[in-house]
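Notes for the one structure printed next.
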Amino acid sequence: MPELPKAYLPQNYETQIYRQWEQSGFFNPDNLLKKGEPFSISLPPPNATGILHAIQDLMIRYWRLRGRAALWLPGEDHAAIATQNVVEKKLHKKDGKNRYDYGRDEFIKRVNEFIASSRSTIRDQIKAMGASCDWSRERYTLDEGLSRAVREVFVRMYHDGLIYRGKRIVNWCYRCGTTLADDEVEYKEQKTPFYYLKYGPITISTARPETKVLDKVIIVHPDDKRYQGYIGKSFDVPWIDGMVKATVVADKVAEMETGTGAMTITPAHSFVDFELAQKYGFEIVDIIGPDGKLTANAGKFAGLNVKEARIAILDELKKKDLVEKIDEEYIHNLSICYRCGTPVEPLPSEQWFVAVDKPFKRGLFHRTTLKKLAIAAVSTGKIKIVPERFAKIYDHWMKNLHDWCISRQIWFGHRVPAWKCISCGEWFVGQAKPSTCLKCKASNLEQDPDTLDTWFSSSLWTFSTLGWPDKTKDLATYHPTSVMETGYDILFFWIARMVLMTQYSLGDIPFRTVYLHGLVRDKQGRKMSKSLGNGIDPIAMIDKYGADALRLSMIIGTTPGNDFRLYDEKIAGYRNFVNKLWNIVRFANLTAELKIVEIPPEAKTLADKWILSRFARVADLVTKKIESYSFSEAGEALYDFTWHELADWYLEVAKIEGNKQKILSYLITQLLKLWHPFTPYVTETLWRETFGEAAGLLMVQSWPEKLPAPADDPGFEIIRDVVTALRGFRVEHKLGPDKVINFAVTKDKYRIIESYTHLVQGLRTTTIAKPINQLSNGERLVVREGVELIVSFDKLDK
RNA sequence: GCGCGCAUAGCUCAGUUGGUUAGAGCGUCACAUUGACAUUGUGAAGGUCCCUGGUUCGAGUCCAGGUGCGCGCACCA
């Protein structure tokens with residue numbers, strides 16, 4: 001075989017190797033000789049942490065080597081709000097127009113153009129990482145097939161009474177111009193002035209005076225002694241926009257410790273107040289509109305935005321001498337949109353919701369709720385979460401889940417499959433538009449302009465990508481998927497909703513195991529963000545160090561659920577290792593004619609016995625660790641074996657003992673397989689360079705299992721200890737390489753050193769073994785229990 | 001307020017049922033260059049495993065309490 005270059009240059013091989021893999025057809029499990037349970041993973045929608053597919057590929061490649069039908073189905077989601085925002089910003093920058101200037105169809109055209117290019121960028125990144133996905137099965141959430149699944153589920157849930165339309169208070173982002181689900185709202189602590197306002201005889205407190213224009217109900221705690229005389233009473237109070245008839249109501253939601261213990265309520269703009277209003281039948285009056293401005297109900301303040309209104313209303317209050325005091329130190333939790341950071345307003349709106357607590361029929365006799373199904377899937381252990389602690393977090397979140405608002409007022413996404421009769425206002429839900437209104441026979445029906453929450457379609461991902469609602473062979477073979485691997489940051493958005501929706505749609509779990517990785521941080525431990533510009537560009541890293549190095553730096557030293565730092569020096573370190581592996585094989589090739597050897601050859605020397613036994617042990621460990629999701633430990637053990645046992649010791653011995661063709665062939669054959677799931681490129685390259693094209697691809701060889709190994713023998717360990725002790729002696733006495741150390745064995749309970757002195761001398765110790773009687777004045781060196789030497793060097797002898 | 005995580009060498013981190021002398025990588029110091037590899041080799045230094053108490057023959061690991069940092073959820077008048 002031709003001699004390998006001195007250093008491994010990934011750039012020279014990666015693209016070509018990936019093409020070879022793709023052309024082989026083995027990414028598609030239909031083309032594999034398979035045995036046992038299939039193994040499948042759905043690629044999660046790529047996001048900021050989209051480069052983290054190293055672990056998924058590791059699992060897929062491992063199980064493929066184990067002979068399973070390994071399917072890794074790739075795809076992308078449309079990320080509705082996020083994508084629309086990006087395109088809106090781009091267009092605004094380009095020609096100052098907004099989406100309404102373009103109109104719906106034209107705007108969507110622009111979004112689709114953007115998506116096409118962004119999908120291809122993502123695809124290139126995934127491929128560059130070496131991901132062995134089956135591109136023939138690639139899916140996109142807006143594909144017709146997946147869209148059909150979306151409509152199908154929507155219609156079924158509607159008929160089961162689990163999707164309903166209702167006017168409820170929702171989270172509203174007036175910048176994005178849409179509703180948000182509860183968990184799409186983030187909270188940020190902020191110092192806000194807290195106003196104590198005179199409201200007739202009672203002082204109330206608020207952080208948001210602009211919503212208080214029409215407040216006319218005061219809530220106090222039933223046990224609050226200060227207000228006992230007022231409960232149930234009504235009186236006229238001078239207020240922001242003239243006199244108001246105020247009523248005092250007692251309810252335990254009022255905390256006596258907060259402010260004055262008395263508050264007025266604004267049912268239209270607070271979730272808690274809204275509930276109270278429903279409980280007591282108070283009127284619900286909108287003060288803030290969907291445009292973020294005060295409505296006509298706000299009288300002379302109408303048309304002002306929230307900020308302006310606050311100033312104007314405070315002015316008015318001050319003029320009327322209704323401000324008692326202002327607490328400037330108040331800490332307020334501001335709610336903001338997770339996509340654009342704008343403050344979110346709670347306001348009443350008519351929307352589509354998924355009812356999570358509503359009982360429905362499951363089978364003939366069984367009644368249950370979506371929430372119960374989703375909780376049970378994890379609590380019964382049908383779905384295992386790694387690390388386990390997230391099962392508790394999942395459970396807690398699920399138990400507190402409220403009805404899920406699924407309609408969005410943005411344009412990019414799946415249109416709600418519902419049509420409204422313009423004549424009678426009746427709604428019809430179905431796969432297609434009804435020709436006439438079933439109620440009034442009118443023919444002017446219009447589809448709801450709203451689209452569905454992006455997570456609605458993503459929640460169907462594991463089965464919609466396999467062809468559901470058709471009963472496909474893929475669905476039967478690969479669902480439930482084996483593992484879902486993703487960042488813990490989308491546990492609620494995505495994982496939880498997949499469980500919920502799959503339980504509903506299929507009566508089954510979407511995946512057996514959820515592996516949650518940590519989030520990538522920069523060298524200082526900061527979250528990657530666009531504004532900081534500290535994001536890692538995977539392509540740049542791959543160009544610089546190779547995909548294998550990048551993969552290792554994300555696998556070794558990381559544990560599930562814990563964030564980890566990614567930075568140049570770390571990747572460079574693994575690049576060094578990859579080069580080491582390259583040179584191990586390069587050396588082996590220079591030493592011997594290597595062939596594929598599957599069965600451990602006979603051990604002829606102590607070193608042979610040792611390396612075969614160590615190798616069998618590490619192979620077994622790697623297998624166990626991969627199967628128990630301890631990828632870091634698997635990689636670390638293999639790294640240690642490869643560098644510090646095989647390279648540092650065995651190859652050095654091989655130079656002295658020679659005649660290692662069979663053993664080296666065997667070790668290289670098996671070692672490349674073990675490394676392949678971690679570092680697919682360099683191992684595939686070495687396999688091809690060493691064994692030739694005729695040997696086939698490494699990616700479909702068979703994983704070494706249950707390797708027979710020679711019994712443990714401490715022999716070589718003793719040689720090793722003797723060598724280390726002698727090298728240490730040299731450094732300790734500051735002896736240059738020109739000084740020769742003389743040694744004699746004074747104690748050797750294993751009785752082996754004598755016959756291996758050539759090895760001790762050969763392993764760069766620069767020593768001469770002498771009979772005991774010639775070294776009476778040397779230094780005693782205890783190598784280990786039962787093994788002692790007497791050592792001296794030239795200077796002492798003279 | 002409720003819950004969760006983290007704290008181990010100068011730095012970044014492993015350490016799954018409790019078990020010899022607690023590990024790795026990077027960095028540091030000394031030495032080595034006709035070597036498969038300087039993307040290298042040899043050797044060394046470096047630890048109160050956050051603190052206090054407990055269980056145990058034995059605790060980095062288990063229990064209780066505390067400190068510091070981070071996160072999630074809730075509240076948000």
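Naming convention: chains lettered A, B, ... in sequence-line order (proteins, then strands); numbering from 1 in each chain. From a predicted model like this one, the values you see are computed outputs, not experimental measurements. What's counted below: heavy atoms across the whole structure, side chains too, no hydrogens, waters or symmetry copies.
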With both distances under 3.5 Å as the test, what is the Watson-Crick or G-U wobble partner of B:rG65?
B:rC51
Starting from C1' on B:rC71, measure out to OH on A:Tyr488 and report it in whole angstrom.
7 Å
Taking a pair as Watson-Crick or G-U wobble with both distances under 3.5 Å, which nucleotide is matched to B:rG3?
B:rC71
State plainly whether the residues A:Arg208 and A:Glu345 are in salt-bridge range, i.e. N to O under 4.0 Å.
yes
Could you tell me whether A:Val253 contacts a base, only the sugar-phosphate backbone, or nothing, with contacts defined as non-hydrogen atoms closer than 4.0 Å?
base
Please state how far atom CZ in A:Phe729 lies from atom P in B:rA44, giving the value in whole angstrom units.
14 Å
Rounding to a whole Å, what distance do you find between A:Tyr330:OH and B:rC75:P?
13 Å
Take atom P in B:rG18 and the same atom in B:rA64, then report the distance between them in whole Å.
16 Å
How many whole angstroms separate atom CZ of A:Arg208 from atom C1' of B:rA77?
12 Å
Test item: A:Tyr13 and A:Arg688 side chains (from C-beta on) under 4.5 Å apart, heavy atoms:
yes
Is there a donor-acceptor pair under 3.5 Å between the side chain of A:Arg226 and the backbone N or O of A:Thr260?
yes
With a 4.5 Å limit on heavy-atom distance, are the side chains of A:Thr765 and A:Ile741 in contact?
no
Gap between atoms NZ and P, on A:Lys191 and B:rC76 respectively (whole Å)
22 Å
Flag side-chain contact, heavy atom, 4.5 Å: A:Thr766 against A:Arg730:
yes
A:Ala181: side chain to side chain contact (heavy atoms under 4.5 Å, CB included) partners, not counting sequence neighbours
A:Asp183, A:Glu184, A:Trp404, A:Arg408, A:Asp453, A:Arg497
Nucleotide of B:rC73, B:rC76, B:rA77 approaching A:Tyr187 most closely (side-chain heavy atoms):
B:rC76
Interatomic distance, A:Asp183 CG vs B:rG72 P [rounded to whole Å]:
13 Å
A:Phe493 CZ to B:rG72 P: how many Å, rounded?
11 Å
Integer angstrom distance from the P of B:rG3 to that of B:rC13:
28 Å
Indicate, yes or no, whether a donor-acceptor pair under 3.5 Å links the base of B:rC75 to the side chain of A:Asn333.
yes
For A:Tyr639 and B:rA24, what is the distance between atoms OH and P respectively, to the nearest whole Å?
11 Å
Which nucleotides of nucleotides 8-14 of chain B have their base under 4.0 Å from a protein heavy atom (B), which only their sugar-phosphate (S), and which neither (-), written as one string 5' to 3'?
----SSS
Let me have a per-nucleotide readout for nucleotides 33-43 of chain B, 5' to 3', with B, S or -, counting only protein heavy atoms under 4.0 Å.
--BBB-BSSSS
What interatomic distance, in whole Å, is found between P of B:rG5 and the corresponding atom of B:rU20?
26 Å
Identify the residue among A:Leu686, A:Leu4, A:Asn579 that makes a side-chain contact (heavy atoms from CB on, under 4.5 Å) with A:Arg586.
A:Leu4
Between A:Trp675 and A:Phe678, is the gap from one ring center to the other below 6.0 Å?
yes
Taking B:rA44 as the reference, what is the distance to B:rU39 when you measure between their C1' atoms (whole Å, please)?
23 Å
Base, sugar-phosphate, or nothing for A:Ala572, non-hydrogen atoms under 4.0 angstrom?
nothing
Classify the nucleic acid contact of A:Thr206 as base, sugar-phosphate or nothing, counting any heavy atom under 4.0 Å across all strands shown.
sugar-phosphate
